[in-house]
Amino acid sequence: MNELSPVKRVLMVFNSATGQPGRVGTVLRRYGYEFDIRRPGEGDALPSDMSGYNLAIVFGGPMSANDDHEANVAKIMEWLPHVVNSNAMYLGICLGAQLMARHLGAKVTSRADGMTEIGYYPVEATEAGRDLFPAEMMVYHWHSEGFELPDGAELMARGSVFPNQAYHIDHRIWGIQFHPEVDDETHERWLAKSAEKTERPNGQNPDQQRAGRAKYDAAFGAWFESFATRVLIDDRVIVDANLGACSV
């Protein structure tokens with residue numbers, strides 16, 4: 001726990017019964033965050049009062065952001081106005097970014113040619129995003145839909161298959177199309193559960209993905225920690241029992 005500031009809380013919203021915070025959780029724990037995990041598709045309520053949270057993260061899921069018949073989609077869409085009207089930071093990952101974009105009036109659609117991004121693909125910084133994103137970076141994707149840019153949003157990273165890859169609104173609401181939470185354990189679990197989906201157009205098979213992970217994951221993970229400390233995390237000092245006080 002961060003001993004130099006009050007406990008910080010992050011609301012983590014998962015769109016599956018088995019989703020885990022992975023690398024995102026590993027990083028946030030180091031900075032003293034406590035987690036409140038909710039799974040609306042499994043019956044969990046989402047808080048209308050966000051004053052007790054510093055950050056809300058909505059993770060990805062196998063459904064479409066347009067699937068209002070799915071309990072989790074309907075509940076999150078009803079809840080997002082409370083987030084927008086609060087002071088809490090928001091990070092939407094893949095489906096979480098799409099849901100927020102949809103709430104803000106943007107369309108979420110698949111490509112007419114059926115192309116997906118399932119595996120490691122490059123994204124590049126826009127002019128606005130050069131301070132937070134490298135010129136080009138290989139990131140992990142698993143999606144068949146993309147989002148248009150909401151009104152008032154600034155595009156921070158783009159891709160060739162799905163042009164809009166990262167956006168922010170007022171530096172408080174963030175959406176990214178890719179998956180920084182995917183560590184080794186998460187990746188293997190996804191491949192074991194859904195390997196057949198990698199056969200979709202432009203998908204990378206499990207062996208290609210594992211090779212990509214070996215080549216790109218370390219840099220991708222380092223990028224996320226840098227992004228988290230600069231964008232998501234309030235404190236710039238942590239306490240590590242083994243290292244003492246460390247300035248960030």
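Starting from 1, each residue takes its place in the sequence as its number.
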Peer 1: Would you mind reporting whether Glu78 and Leu46 have side-chain heavy atoms less than 4.5 Å apart?
Peer 2: no

Peer 1: Hey, is the main chain of Gly61 close enough, under 3.5 Å, to the side chain of Ser16 for a donor-acceptor pair?
Peer 2: no

Peer 1: I'd like to know whether CG of Asn87 has more than 12 heavy-atom contacts from other residues, nucleotides or ligands below 6.0 angstrom.
Peer 2: no

Peer 1: Could you walk me through whether Val182 and Phe220 pass side chain to side chain contact (heavy atoms under 4.5 Å, CB included), step by step?
Peer 2: CA-CA 10 Å; Val182 173; Phe220 184 29; 6.0 Å; no

Peer 1: Which value, rounded to the nearest 0.5 Å, describes the distance between Met115 atom CE and Ser144 atom OG?
Peer 2: 12.5 Å

Peer 1: Do Phe147 and Phe162 touch side chain to side chain, with heavy atoms closer than 4.5 Å?
Peer 2: no

Peer 1: Check for a donor-acceptor pair, side chain of His179 on one end and backbone N or O of Glu181 on the other, with a separation under 3.5 Å.
Peer 2: no

Peer 1: How many angstroms lie between atom CD1 of Ile93 and atom CE of Met12, to the nearest 0.5 angstrom?
Peer 2: 8.5 Å

Peer 1: Kindly determine whether His168 and Met156 satisfy side chain to side chain contact (heavy atoms under 4.5 Å, CB included), including the steps that lead there.
Peer 2: CA-CA 7 Å; His168 80 87; Met156 303 293 279; 3.5 Å; yes

Peer 1: Which heavy-atom pair separates Val73 from Ser64 by the least distance, and what is that distance?
Peer 2: CG2-O, 3.6 Å

Peer 1: Measuring only between side-chain heavy atoms, which start at C-beta, is Leu11 closer than 4.5 Å to Ile57?
Peer 2: no

Peer 1: Between Trp79 and Pro47 (side chain of the first, backbone of the second, donor and acceptor by atom type, cut-off under 3.5 Å), is there such a pair?
Peer 2: yes

Peer 1: Go through the steps to decide whether Asn205 and Glu199 satisfy the test side chain to side chain contact (heavy atoms under 4.5 Å, CB included), and finish with yes or no.
Peer 2: CA-CA 7 Å; Asn205 67 42; Glu199 300 174 4; over 6 Å; no

Peer 1: Do the side chains of Leu104 and Leu80 join up, straight or via other hydrophobic residues, at under 4.5 Å, putting them in one cluster?
Peer 2: yes

Peer 1: If we ignore hydrogens and angles and just use 3.5 Å, is the side chain of Arg111 paired with the main-chain N or O of Glu145 as donor and acceptor?
Peer 2: no

Peer 1: So, do His141 and Asn202 sit near enough that their side-chain heavy atoms are less than 4.5 Å apart?
Peer 2: no

Peer 1: Are Ile173 and Val24 joined in one hydrophobic group, where the rule is that I, L, V, M, F, W and Y side chains link up if heavy atoms are under 4.5 Å apart?
Peer 2: no

Peer 1: Any idea which heavy atoms bring Pro180 and Phe224 closest together, and the distance?
Peer 2: CB-CD1, 3.5 Å

Peer 1: Begin from the C-alpha positions of Glu154 and His171 and carry the test side-chain hydrogen bond (donor to acceptor under 3.5 Å, both in side chains) through to its verdict.
Peer 2: CA-CA 9 Å; Glu154 185 172 40; His171 299 280; 5.1 Å; no

Peer 1: Within a strict 4.5 Å, meaning less than it, do heavy atoms of the Cys94 and Phe59 side chains meet?
Peer 2: no

Peer 1: From Leu99 CG over to Asn72 CG, what is the distance, rounded to the nearest 0.5 angstrom?
Peer 2: 8.0 Å

Peer 1: Looking at Asp131 and Arg230, is there a salt bridge between them, counting it only when a charged N and a carboxylate O are closer than 4.0 Å?
Peer 2: yes

Peer 1: Mark yes or no for whether Lys75, through its side chain, and Pro40, through its backbone, hold a donor-acceptor pair below 3.5 Å.
Peer 2: yes

Peer 1: For residues Tyr140 and Phe178, establish whether the separation of their ring centroids is below 6.0 Å.
Peer 2: no

Peer 1: Show, in sequence, the C-alpha distance, side-chain angles and deciding distance for Glu188 and Arg213, and conclude whether the salt bridge (Lys or Arg N to Asp or Glu O under 4.0 Å) test is met.
Peer 2: CA-CA 11 Å; Glu188 290 300 330; Arg213 188 175 83 205; 3.0 Å; yes

Peer 1: Where do Pro81 and His103 come nearest, in terms of heavy atoms and distance?
Peer 2: CG-CE1, 3.4 Å

Peer 1: Are Trp223 and Tyr216 near enough that their ring centres are under 6.0 Å apart?
Peer 2: no

Peer 1: Spell out, as yes or no, whether a donor-acceptor pair under 3.5 Å connects the side chain of Asp36 to the backbone of Val10.
Peer 2: no

Peer 1: Might you work through the side chain to side chain contact (heavy atoms under 4.5 Å, CB included) test for Asp44 and Phe14, ending with a clear yes or no?
Peer 2: CA-CA 10 Å; Asp44 291 347; Phe14 288 95; over 6 Å; no

Peer 1: Stepwise, does the salt bridge (Lys or Arg N to Asp or Glu O under 4.0 Å) test hold for Asp183 with Arg189?
Peer 2: CA-CA 10 Å; Asp183 54 16; Arg189 179 160 43 85; over 6 Å; no

Peer 1: Side chains of Gln177 and His143: closer than 4.5 Å at any heavy-atom pair?
Peer 2: yes

Peer 1: If you apply the rule salt bridge (Lys or Arg N to Asp or Glu O under 4.0 Å), what do you find for Arg30 with Glu225, and how did you get there?
Peer 2: CA-CA 10 Å; Arg30 282 205 294 272; Glu225 180 143 7; 2.2 Å; yes

Peer 1: Please report the shortest heavy-atom distance between Ala153 and Tyr167, naming the atom on each side.
Peer 2: CB-CD1, 4.0 Å

Peer 1: Closer than 3.5 angstrom, by distance alone: can the side chain of Gln204 be matched with the main-chain N or O of Tyr120 as a donor-acceptor pair?
Peer 2: yes

Peer 1: Indicate yes or no for a side-chain donor-acceptor contact from Asp68 to the backbone of Ala74 under 3.5 Å, with no hydrogens or angles considered.
Peer 2: no

Peer 1: Say whether Leu95 and Val123 are linked into one hydrophobic cluster, either directly or through other cluster members, by side-chain heavy-atom distances under 4.5 angstrom.
Peer 2: no

Peer 1: Can you classify the ring geometry of Phe227 versus Phe133 as parallel (below 30°), tilted (30 to 60°) or perpendicular (above 60°)?
Peer 2: tilted

Peer 1: Would a hydrophobic clustering, with Ile, Leu, Val, Met, Phe, Trp and Tyr connected at side-chain separations under 4.5 Å, put Tyr121 with Leu155?
Peer 2: no

Peer 1: Grab the two heavy atoms, one from Ala56 and one from Met50, that are nearest each other, plus how far apart they are.
Peer 2: CB-CE, 3.9 Å

Peer 1: Tell me if a side-chain donor or acceptor on Glu70 pairs with a main-chain N or O of Asp67 at a distance below 3.5 Å.
Peer 2: no

Peer 1: Is the shortest side-chain heavy-atom distance between Val58 and Ile76 below 4.5 Å?
Peer 2: yes

Peer 1: To check you understand the geometry: which heavy-atom pair defines the closest contact between Thr198 and Ile118, and what is its length?
Peer 2: CG2-CG2, 4.1 Å

Peer 1: Looking at OG1 of Thr109 and CD of Gln98, how far apart are the two atoms once the value is rounded to the nearest 0.5 Å?
Peer 2: 9.5 Å

Peer 1: Between Asp170 and Arg172 (side chain of the first, backbone of the second, donor and acceptor by atom type, cut-off under 3.5 Å), is there such a pair?
Peer 2: no

Peer 1: Is there side-chain contact between Phe35 and Leu28, with heavy atoms separated by less than 4.5 Å?
Peer 2: yes

Peer 1: Is there a path of hydrophobic side-chain contacts, each under 4.5 Å between heavy atoms of I, L, V, M, F, W or Y residues, that connects Met77 with Tyr90?
Peer 2: yes

Peer 1: Can you tell me if His187 and Gln209 form a side-chain donor-acceptor pair at under 3.5 Å?
Peer 2: yes

Peer 1: If I take atom NZ from residue Lys8 and atom CG from residue Leu55, how far apart are they, to the nearest 0.5 angstrom?
Peer 2: 11.0 Å

Peer 1: If we count only N and O atoms by modelled type, under 3.5 Å, do the side chains of Gln165 and Glu117 hold a donor and an acceptor together?
Peer 2: yes

Peer 1: For Asp217, is there an ion pair with Arg23 - N to carboxylate O distance below 4.0 angstrom?
Peer 2: yes

